[in-house]
Amino acid sequence: TYSSKVFRVTFLTLAVSVAVPLLGVTVLLDCPIDPQPISLKEPPLLTGVLEPNTKLRKAERLWENQLVGPESIVNIGDVLFTGTADGKIIKIEDGEIQTIARIGHGPCGGRGDEPTCGRPLGMRVGPNNTLFVADAYYGLYEVDPDTGETKMLVSTKTPIEGQKLSFVNDLTVTRDGRKIYFTDSSSKWQRQDYLFLLMEGTDDGRLLEYDTVTKEVKVLMVGLRFPNGVQLSPAEDFVLVQETTMARIRRYYVSGLMKGGADMFVENMPGLPDNIRLSSSGGYWVAMAAVRPNPGFSWLDFLSEKTWIKRMIFKLLSQETVTKFVPKYSLVVELSETGSYKRSFHDPTGVTVAYVSEAHEHNGHLYLGSFRSPYIGRLDLQHV
């Protein structure tokens with residue numbers, strides 16, 4: 001009919017009038033990233049011990065709205081310590097929160113303040129009950145938990161083997177405190193641009209070793225795509241390195257017959273691994289920054305080889321806008337000493353604990369850190 005023809009013509013005219021300028025703009029606009037195609041296998045099926053559940057919803061929120069993004073958590077006795085998004089190193093004793101140190105300086109609050117404010121990420125306790133802290137922008141530090149005195153160990157201002165440290169992320173320390181193994185996620189992108197790093201597929205991440213006696217820094221692994229959490233094995237014969245972009249865990253041998261060699265510990269994981277910590281069973285707790293649902297739709301896998309779509313997205317949208325589309329699916333898995341899955345805790349909508357960055361076991365509880373949530377989660381392992 002005449003009216004339907006008019007409608008079709010009007011609709012097509014409007015569509016073209018919108019699409020053509022939009023196409024022109026996207027062609028002319030610069031893209032902040034140069035994405036590389038990433039080849040990922042089909043995600044593992046969420047069945048068996050990976051079967052979705054709601055066990056993480058049993059966690060309680062501690063010190064809600066009193067903390068800002070507690071990324072990593074350690075304990076000395078029953079005293080907890082964490083680093084927050086406003087650059088603070090926090091001590092929590094008998095329920096009371098105290099700021100004991102700050103590596104950077106104010107102002108703190110906005111995303112653009114991070115490089116000067118500092119961002120404490122990975123945290124460990126040394127043999128003398130001192131804190132070792134990885135600050136994304138400043139480097140490795142030793143902090144006295146009683147006085148708050150800070151001592152710089154490795155500065156991001158000093159290039160290591162000709163490459164700068166732009167995103168110091170996590171660390172793990174030998175029992176005698178002699179060696180610190182740490183990750184630098186990228187020499188190009190800083191922490192505030194972690195989404196650019198992830199979506200570009202940049203492969204300039206490294207695993208490094210710092211000797212607290214000789215003060216030397218060595219590069220152990222190169223070519224890593226977003227190396228993140230690190231953990232020494234109980235026997236201290238190898239270090240596990242989470243390679244977030246590739247959804248896998250690499251293993252680097254630091255002693256024994258395999259010293260200096262590397263292999264795959266776990267590949268094709270059901271999510272993007274963030275931090276990794278020891279479990280009381282002799283295995284490892286792995287927190288997932290995002291999930292690759294199967295069955296279901298995985299945005300990471302969909303975009304992995306579609307570099308042109310990534311360019312379009314980041315020409316038109318900011319990182320903050322893109323992160324709003326990331327599902328708040330929370331997942332923590334426990335691995336055995338050989339890397340097999342033992343159990344998993346889920347929160348499919350992130351109701352209780354969203355964006356889990358670390359799972360730290362202490363005294364029968366799993367303390368859940370998050371780089372975005374305003375609280376620490378605590379899950380009673382006796383009742384899950």
Side-chain angles (χ1 to χ4, degrees), residues 39-41 44 49 74 122-128 132 134 140 153-154 160-163 165 168-187 203-269 273-287 333-343 358-361:
S39 180
L40 296 172
K41 297 180 181 179
V49 295
V74 296
M123 187 177 292
R124 300 284 185 161
V125 178
N128 298 319
F132 290 106
L140 292 186
L153 303 178
V154 179
I160 306 300
E161 295 188 11
Q163 185 172 309
L165 302 170
V168 178
N169 199 322
D170 194 24
L171 74 163
T172 185
V173 184
T174 55
R175 279 186 288 272
D176 62 5
R178 173 72 186 263
K179 299 288 182 68
I180 299 176
Y181 302 96
F182 67 101
T183 50
D184 182 40
S185 296
S186 176
S187 64
D203 63 352
D204 61 346
R206 299 183 292 177
L207 171 68
L208 305 100
E209 172 193 277
Y210 173 71
D211 189 311
T212 59
V213 175
T214 66
K215 316 300 182 186
E216 293 180 336
V217 182
K218 295 180 181 178
V219 177
L220 303 181
M221 295 182 77
V222 299
L224 300 174
R225 298 182 191 272
F226 203 158
N228 202 327
V230 284
Q231 176 62 55
L232 267 165
S233 67
E236 299 193 345
D237 55 341
F238 59 80
V239 177
L240 297 178
V241 185
Q242 314 252 57
E243 200 173 5
T244 300
T245 301
M246 302 305 296
R248 65 191 182 190
I249 304 176
R250 304 281 291 277
R251 173 168 49 190
Y252 182 88
Y253 294 89
V254 295
S255 67
L257 296 175
M258 295 284 288
K259 184 177 180 179
D263 59 17
M264 195 68 64
F265 187 67
V266 184
E267 61 179 338
N268 197 34
M269 301 187 78
D274 198 325
N275 281 353
I276 179 171
R277 296 295 185 261
L278 292 174
S279 73
S280 58
S281 68
Y284 307 92
W285 291 111
V286 177
V333 299
E334 184 181 11
L335 302 175
S336 72
E337 65 275 9
T338 60
S340 61
Y341 296 103
K342 294 186 65 175
R343 52 180 169 169
E358 181 179 298
H360 169 71
E361 185 175 350

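All of these numbers come straight from a predicted model, not from anything done at the bench.
- With sequence neighbours left out, Phe226 forms a ring pair (Phe, Tyr, Trp, His ring centres under 6.0 Å) with Phe167.
- Partners of Lys41 under the salt bridge (charged side-chain N to carboxylate O under 4.0 Å, His left out) rule, at least two apart in sequence or in another chain, are Glu267.
- Residues Asn228 and Thr183 approach most closely at O-OG1, 2.8 Å, considering heavy atoms.
- Between the side chains of Ser186 and Asp204, at least one donor N or O sits under 3.5 Å from an acceptor N or O.
- Counting only heavy atoms from C-beta outward, the side chains of Val286 and Met269 approach each other to under 4.5 Å.
- Between Leu165 and Arg206 the shortest heavy-atom distance is CD2-NH2, 3.6 Å.
- Using bins of under 30°, 30° to 60° and over 60° for the plane-to-plane angle, the ring pair Phe238/Tyr253 lands in the perpendicular bin.
- Remark: side-chain polar atoms of Glu334 are not paired, donor with acceptor, to backbone N or O of Lys342 under 3.5 angstrom.
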(request) Show your working on side-chain contact (heavy atoms from CB on, under 4.5 Å) between Leu278 and Gln231 and close with a plain yes or no. (result) CA-CA 7 Å; Leu278 292 174; Gln231 176 62 55; 3.3 Å; yes
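- Looking at Thr174 and Glu236, their side chains never bring a donor and an acceptor atom within 3.5 Å of each other.
- Shortest non-hydrogen contact noted between Pro273 and Glu243 is CG-O, 4.3 Å.
- In this structure, Lys218 places its NZ atom where only 12 or fewer heavy-atom neighbours from other residues, nucleotides or ligands lie under 6.0 Å away.
- Contact annotation: the side chain of Ile180 never approaches that of Val154 to less than 4.5 Å [non-hydrogen atoms, C-beta and beyond].
- Using a 4.5 Å cut-off on side-chain heavy atoms (C-beta onward), Phe182 and Asp170 make no contact.
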